[in-house]
Structure formats: structure tokens, C-alpha cells
Number of protein chains: 2
Amino acid sequence: MEEDVKEGASDKYSLRGRVFSRLREDILNGKYEEGVELREIAIGEELGVSRTPVREAFRQLELEGLIKIIPNKGAYVVGISDKDVRDIYILRSRLEGLAARWAVDHITNEQLEEMEENVYLAKFHTQKGHNEQIFELDNRFHELLYEASGSKILEHQLKDYHQYVLRIRKKTLSSKARGPQSNLEHEAILEAIKNKNADDAERLAHEHMINAYKNMIDNGLIKPED
Amino acid sequence: MEEDVKEGASDKYSLRGRVFSRLREDILNGKYEEGVELREIAIGEELGVSRTPVREAFRQLELEGLIKIIPNKGAYVVGISDKDVRDIYILRSRLEGLAARWAVDHITNEQLEEMEENVYLAKFHTQKGHNEQIFELDNRFHELLYEASGSKILEHQLKDYHQYVLRIRKKTLSSKARGPQSNLEHEAILEAIKNKNADDAERLAHEHMINAYKNMIDNGLIKPED
DNA sequence: ATGCGTAGGATTGTATACAATAATACACGT
DNA sequence: ACGTGTATTATTGTATACAATCCTACGCAT
């Protein structure tokens with residue numbers, strides 16, 4: 001019955017962990033926009049903690065690339081440029097393909113079952129237009145794929161990227177056309193994994209990301225180039 | 001004449017930055033082996049600083065995956081397993097291929113010149129058997145490739161992995177056979193980039209990593225599987 | 001008006017003090 | 001002898017005090 005002892009970087013039960021998670025969320029959700037200076041004292045007061053946990057959270061956020069700390073000067077929110085998003089989607093298209101390939105050999109029965117349930121539920125919520133649930137299920141499908149790859153390294157990497165483009169993705173999935181299509185693609189990937197067809201799994205996962213990428217561009221969420 | 005204002009995470013002129021770099025190095029070089037507990041006070045005394053910068057460095061090291069912090073308990077060195085190394089080489093083989101492909105369109109003249117100089121020098125030092133220089137030049141060749149990709153995201157990612165497998169790589173390149181072969185492969189990648197042949201560049205960079213990977217296994221530096 | 005130097009304040013960097021938590025050892029009862 | 005509870009100690013978590021640095025504004029000379 002253990003709950004969640006795995007999230008090493010952001011244990012929820014320390015002040016630092018809470019500051020870290022909160023700031024991360026606020027930056028990804030756009031509360032703090034690009035270039036904004038984060039002051040240790042101000043953040044601390046807002047969250048009711050001293051500078052110490054804030055500073056430690058800052059160091060982590062910098063390593064995640066969400067803020068840039070200039071020594072003796074300050075911490076500034078680093079925006080995600082359109083180019084960053086494009087790059088990440090290209091990287092993800094390749095790495096998710098690899099994850100799907102590896103998942104063929106490493107997925108557990110539990111993971112397979114959850115994936116099937118996920119696809120089934122997503123179909124339902126898409127019909128009903130439940131955007132929040134669709135978003136969560138999509139998140140979970142991809143995380144499951146990463147976990148099923150059996151590679152801590154790959155899993156960690158893809159989860160990072162996944163989080164990083166959160167802002168954009170929230171908009172994308174709400175688009176009427178992409179939702180159902182995305183589900184079908186998930187289902188196809190799942191089928192390939194079940195059939196132990198590594199080539200198909202990789203190809204489908206790869207295409208899935210490319211399609212998501214194209215969708216973003218078609219809907220004007222990001223520019224196709226600089 | 002500005003020197004190095006880019007290494008955001010590890011500015012050398014703060015105590016925290018020095019602690020971070022030092023611990024990182026010590027872990028990668030094997031001074032602190034897997035499972036060892038790092039105590040804040042002990043590390044602080046060894047480096048002549050208080051707990052504060054040590055703690056901040058710890059948070060960063062955790063995010064890099066080099067240590068694991070268990071709340072209220074301690075910080076433990078996380079070893080690189082053979083599987084991690086294998087996974088990273090597979091990932092790198094794909095991502096370096098992508099970097100080489102992108103470099104074809106984005107490499108600057110300065111980068112191209114440095115790469116040519118790098119290959120030329122490496123040939124010399126290989127003949128002389130200067131292992132330390134060979135190691136540094138190999139490092140630099142790959143970093144150049146990452147920078148030439150024109151993608152901050154990809155560059156950052158590959159530099160991370162590159163650092164991560166430092167320990168192993170040091171041994172690999174000293175092996176008599178791999179050194180010269182590695183040079184030839186670098187040269188071939190460089191030629192493909194100069195000739196604006198993206199397909200060749202990607203394929204050659206991909207193969208370069210696969211060869212390095214095979215070499216490690218053949219020399220018994222890592223197990224081929226668990 | 002403009003440029004430069006300097007003083008003041010604000011902010012980060014570091015050290016230290018205190019609080020909370022976890023590991024250990026030992027005493028006690030059975 | 002064994003298990004249990006508790007006191008002790010070591011270590012991490014957080015807050016605060018102090019030092020170093022940077023930015024701004026102001027005054028002064030030109």
C-alpha cells in the first residue's frame with residue numbers, strides 16, 4: 001500500500017519539496033512569465049518559508065532549465081521558445097519510438113492492463129468532451145510507455161521532456177480534432193506492443209509524436225520555424 | 001574576451017559551484033563508490049565550507065542522478081550500473097546521429113575549423129600515445145558536435161550523458177585499438193558535415209557510438225547484459 | 001546637459017543557530 | 001534470553017544573522 005516514495009527530487013513533505021513543485025508548476029502554467037525575476041525573500045514570504053528552502057529549490061529549477069541563476073544577481077524565468085518545443089518533439093519522436101520498441105520486451109502484465117484501461121477510458125472521455133480527464137489520461141499513457149521501456153535512463157529523460165512541454169500540450173489536446181486521433185494512435189501502439197511487434201511499435205510511437213507536432217503547428221500553437 | 005559565462009549550473013567562483021563540481025568529479029572518478037553516504041558536515045569540512053553550499057550542491061547532484069537523498073536520512077552515491085551505461089550508449093547513438101544531421105545545416109565556420117584542428121591534433125597524439133590529450137580531444141570533438149547541432153536542448157542532453165559515462169570512457173580510449181579507429185570515425189563524420197551530407201553524417205555518428213559501445217563490451221568494461 | 005565617482009540600499013552568498021527527525025544503545029519487564 | 005520502550009546522539013531540515021556583491025541614485029566636476 002505504499003504510495004509514492006519514488007519522486008526523489010520533490011518529496012512533498014519538506015518545505016523545499018513544496019517550494020520546488022509549486023514554482024515548477026507556476027512557471028509551466030505561465031504564472032511567472034519569461035524573464036521575470038524571482039526574489040528569494042518574496043517567494044519565501046508568499047509560501048510562508050524562509051530563504052533556505054527557496055534557494056535549494058532554485059538550484060534544482062536551474063538544473064531543470066526552468067530558471068537561470070546569475071551569480072550575485074538573481075534568478076530569472078527561462079521561457080520555452082518555440083524552437084525548444086520543436087526540438088523536444090523531434091527528440092521525443094525518436095526516443096518514444098525507442099521506448100515503445102523496448103516496451104515490447106519489458107512491459108509487465110500490470111502495465112499492459114493499465115494501458116488497456118487507459119485507452120478504453122480515454123475513448124469514453126473523448127466522446128464526452130471531458131478535457132481534464134483526457135489530459136490526465138494522455139499524460140498517464142505516455143508515462144506508462146516510459147516505465148514499460150524498462151530503462152530508468154530513458155524513462156527519466158522522457159518524463160522530463162514530457163513535463164517541459166506541459167504548457168503547450170494542455171492546449172493541443174483540447175483541440176477537437178486531435179483528441180480522437182490521438183486515442184487511435186495510442187491504441188495502435190498498444191496493439192503493436194501486445195503483438196510483440198517491435199518495428200511497428202517504434203514506428204507508430206514515432207509517428208504519434210510527429211503527428212502531435214504537426215497538429216501544434218497547424219493550430220498555430222507554435223511557429224514552424226524562426 | 002569573455003571567458004565562460006555559460007556554465008550555469010556550476011559557476012566556479014562560488015563555494016557551491018566548487019563543491020558541486022568537486023563532488024561530481026569525485027563520484028564520476030570513483031572516489032566515492034556506490035552506496036557511500038555523504039554527510040554534509042564531513043564534506044563541508046573536507047572542502048572548508050559550511051553546510052549551506054554543500055546542501056545546495058547535493059540538491060543539484062540529486063537531480064543529475066548522481067546521488068539519492070532520502071529525506072531526514074542522508075545522501076547516498078548512486079552508482080552507474082552496466083545497464084545504465086548500455087542504455088546511455090544506445091540513446092547517444094540515436095541522439096548523436098541527430099546532432100550530426102542538424103550540424104550539417106547549423107555548424108559555424110569557427111566550429112568547423114576547431115573540429116578540423118581537433119581531428120588533426122588527435123591523429124598526432126594518438127601516434128605518440130598521449131592518453132590524456134586523446135581523452136580531452138575526444139571530449140571536445142563530441143562537445144563541438146553537440147554545439148554545432150544548433151539545438152540548446154539536444155546539446156544540453158548530450159553533454160549530460162557524455163559526462164555521465166566519463167568513468168567508463170576514460171578506460172575505453174586508452175585501449176590501443178580503439179584510439180586510432182575512433183579518430184578515423186571522427187574524421188568521417190567531419191567530412192560528411194563538410195560535404196553537407198546529412199544522411200551520411202547521421203549514419204556515421206550513429207555507427208561511431210555503436211562501435212564505441214561494442215568496444216566497451218569486447219574489452220570487458222561492461223557486461224553485455226544482466 | 002553629460003559623464004564619472006561614490007554612498008546607500010537591496011539582493012544574493014555563506015555561516016551558524018535552532019528544530020525536527022531518525023538511528024542506536026541501553027535499561028527494564030517478562 | 002528476548003522483546004519493547006525510552007533516552008541519547010547524530011544527522012538532516014529550516015530559520016536567521018552576517019558578509020559580499022551588485023544596482024541605483026545622487027552629487028559633483030566639466
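Chain letters run A, B, ... following the sequence lines, proteins first, then strands; residues in each count from 1.
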Discussion item. Once you measure the plane-to-plane angle for B:His130 and B:Phe124, does it fall in the parallel (<30°), tilted (30-60°) or perpendicular (>60°) bin?
Written reply: perpendicular

Worksheet item: Where does the angle between the aromatic ring planes of B:Tyr146 and B:His162 fall among parallel (under 30°), tilted (30 to 60°) and perpendicular (over 60°)?
Response: perpendicular

Discussion item. Please pick, from C:dG13, D:dT14, C:dA23, the nucleotide with the shortest atom-to-atom distance to any side-chain atom of A:Arg59.
Written reply: C:dG13

Worksheet entry | Touch class at under 4.0 angstrom, heavy-atom based, for A:Ile70 against every strand present | nothing

Practice prompt. May I have the distance from A:Tyr13 (atom OH) to D:dT14 (atom P), rounded to whole angstrom?
Written response: 15 Å

Worksheet, complete the sentence: When rounded to whole Å, the CD1 to C1' distance for the pair A:Ile41 and D:dA17 reads 12 Å

Worksheet entry | Nearest-angstrom distance from the residue atom CG of A:Asn72 to C1' of D:dC23 | 12 Å

Discussion item. How many whole angstroms separate atom CG of B:Leu15 from atom P of C:dG13?
Written reply: 11 Å

Practice prompt. Decide yes or no for A:His208 and A:Phe141: does some side-chain heavy atom of the first lie under 4.5 Å from some side-chain heavy atom of the second?
Written response: no

Item to complete: Would you kindly give the CD-to-P distance between A:Glu40 and D:dT14, to the nearest whole Å?
Response: 15 Å

Worksheet item: To the nearest Å, how far apart are B:Glu37 CD and C:dA23 P?
Response: 10 Å

Discussion item. Does A:Lys152, at its NZ atom, have more than 12 non-hydrogen atoms belonging to other residues, nucleotides or ligands within less than 6.0 Å?
Written reply: no

Worksheet, complete the sentence: Per nearest nucleotide of DNA chain D, the residue lying toward the 5' end, B:Arg39 or A:Thr52, is B:Arg39

Worksheet, complete the sentence: Separation of D:dT21 atom P from A:Ile69 atom CD1, nearest Å, is 18 Å

Discussion item. On the nucleotide C:dG13, are OP1 or OP2 found under 4.0 Å from the side-chain N or O atoms that A:Arg55 carries?
Written reply: yes

Worksheet entry | Atom pair distance, as rounded to whole Å: CZ in B:Arg51 and C1' in C:dT16 | 10 Å

